[in-house]
Amino acid sequence: MTENMPKTAADLFAFLDSLDISHTTKQHEPVFTVAESQELRDQIPGGHTKNLFVKDKKDQYFVLTVEEHAVVDLKTVHKVIGASSRVSFGRPEMMLEYLGVVPGSVTVFGAFCDTDRNVTFVLDEDLMKHEIINGHPLSNDATTSIGRNDLIRFLEATGHTPLVLKVTD
């Protein structure tokens, strides 16, 4: 695979397998919002995620991974995550460049595509109370389930040291 080729879910799964990380994936219709994904709850156990791709005024990028119904105060979260200023949503072009995904598909698994480590990944403390964490495997037409500790191991294997912080109200 060349550096410019987009990474796929199959590439992600091969990486997880190489780390001996157990994972399961359920295919489904594309979902773009938490509301659209509600019907999958009975089929997929564990903590379901909402991911926010944000940046500060110095162009430091963050992915905030929180429980699907959690509320993140964008006016104050910068104080918790170590941003230089209030955060705003990152541009779709940067999301594609750094995470290999388009709006509606932001995922903690995007760390796999961020080979230059341009993004800081923040996992909410409340989400991390779940044994199993669910996220899109680089596209929003599937959900991949992974153990909480394995998620941290995955992030570290991609060169990202995740911040586990209380970022929700």
Side-chain angles (χ1 to χ4, degrees), residues 1-16 23 25-38 40 47-124 127 133-144 146 151-152 154-165 167-168:
M1 171 186 307
T2 65
E3 214 36 51
N4 295 339
M5 291 284 296
K7 293 182 179 179
T8 65
D11 298 326
L12 171 66
F13 301 150
F15 182 70
L16 291 171
H23 57 94
T25 298
K26 178 163 184 54
Q27 300 295 134
H28 51 71
E29 289 297 313
V31 291
F32 294 92
T33 65
V34 167
E36 288 177 353
S37 66
Q38 286 303 298
L40 300 171
H48 292 269
T49 56
K50 170 170 58 177
N51 296 273
L52 306 175
F53 180 65
V54 298
K55 68 175 216 63
D56 65 15
K57 291 201 183 322
K58 291 187 175 179
D59 287 335
Q60 292 182 95
Y61 286 84
F62 302 84
V63 169
L64 309 179
T65 300
V66 304
E67 212 161 7
E68 64 184 342
H69 295 296
V71 175
V72 176
D73 184 348
L74 291 180
K75 293 182 178 125
T76 60
V77 75
H78 66 283
K79 297 173 187 171
V80 178
I81 64 174
S84 66
S85 64
R86 282 191 180 179
V87 297
S88 59
F89 289 105
R91 294 193 332 267
E93 306 83 52
M94 301 313 291
M95 183 184 303
L96 185 60
E97 180 180 336
Y98 292 162
L99 303 177
V101 298
V102 296
S105 296
V106 176
T107 174
V108 68
F109 293 119
F112 179 58
C113 300
D114 184 29
T115 54
D116 291 332
R117 292 181 287 291
N118 293 300
V119 180
T120 298
F121 287 82
V122 180
L123 306 172
D124 187 56
L127 173 68
I133 309 292
N134 297 293
H136 293 309
L138 307 180
S139 64
N140 63 357
D141 59 355
T143 297
T144 295
I146 185 173
L151 177 61
I152 290 176
F154 156 77
L155 286 166
E156 289 173 344
T158 66
H160 297 86
T161 301
L163 303 177
V164 179
L165 302 168
V167 296
T168 55

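Predicted, not measured: the structure shown is a model, and the values here were computed from it. One is the number of the first residue; the rest follow in order along the sequence.
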- Looking just at side-chain N and O atoms, do Asp56 and Ser84 make a donor-acceptor pair shorter than 3.5 Å? yes

- Query: If you measure only the distance, is there a donor-acceptor pair under 3.5 Å linking the side chains of Ser105 and Ser139?
  - Reply: no

What is the distance from atom [atom1] of [X] to atom [atom2] of [Y], rounded to the nearest 0.5 Å?
{"X": "Phe121", "Y": "Leu64", "atom1": "CZ", "atom2": "CG", "answer": "10.5 Å"}
{"X": "Ile146", "Y": "Leu12", "atom1": "CD1", "atom2": "CG", "answer": "8.0 Å"}
{"X": "Thr107", "Y": "Lys50", "atom1": "OG1", "atom2": "NZ", "answer": "15.0 Å"}
{"X": "Thr115", "Y": "Tyr98", "atom1": "OG1", "atom2": "OH", "answer": "11.0 Å"}
{"X": "Asn51", "Y": "Leu99", "atom1": "CG", "atom2": "CG", "answer": "9.5 Å"}
{"X": "Asn134", "Y": "Thr25", "atom1": "CG", "atom2": "OG1", "answer": "9.5 Å"}

I want to check something: taking the side chain as every heavy atom from C-beta on, are [X] and [Y] in contact at a cut-off of under 4.5 Å?
{"X": "Glu156", "Y": "Pro162", "value": "yes"}
{"X": "Val66", "Y": "Leu127", "value": "no"}
{"X": "Thr49", "Y": "Val108", "value": "no"}
{"X": "Val80", "Y": "Leu163", "value": "no"}
{"X": "His28", "Y": "Thr143", "value": "yes"}
{"X": "Val87", "Y": "Ile81", "value": "yes"}

- Message: Using 30° and 60° as the class boundaries, would you call the ring planes of Phe112 and Phe154 parallel, tilted or perpendicular?
- Response: tilted

- Query: What do the steps show when you test Val54 against Val72 for side-chain contact (heavy atoms from CB on, under 4.5 Å), and what is the final call?
  - Reply: CA-CA 12 Å; Val54 298; Val72 176; over 6 Å; no

Treating [X] as the side-chain partner and [Y] as the backbone partner, does any N or O pair qualify as donor plus acceptor under 3.5 Å?
{"X": "His136", "Y": "Thr144", "answer": "no"}
{"X": "Ser85", "Y": "Lys57", "answer": "yes"}
{"X": "Asp124", "Y": "Val167", "answer": "yes"}
{"X": "Asp11", "Y": "Thr8", "answer": "yes"}

Looking at every non-hydrogen atom in both residues, tell me the closest pair between [X] and [Y] and how far apart they are.
{"X": "Lys75", "Y": "Asp73", "result": "N-OD1, 2.9 Å"}
{"X": "Pro137", "Y": "Ala9", "result": "O-CB, 3.4 Å"}
{"X": "Glu93", "Y": "Arg91", "result": "OE1-NE, 2.9 Å"}

- Passes side-chain contact (heavy atoms from CB on, under 4.5 Å), Val101 versus Leu138? Steps please. CA-CA 6 Å; Val101 298; Leu138 307 180; 4.3 Å; yes

- Task: Go through the steps for His160 and Asp114 under the test side-chain contact (heavy atoms from CB on, under 4.5 Å), then give the verdict.
- Result: CA-CA 9 Å; His160 297 86; Asp114 184 29; 2.8 Å; yes

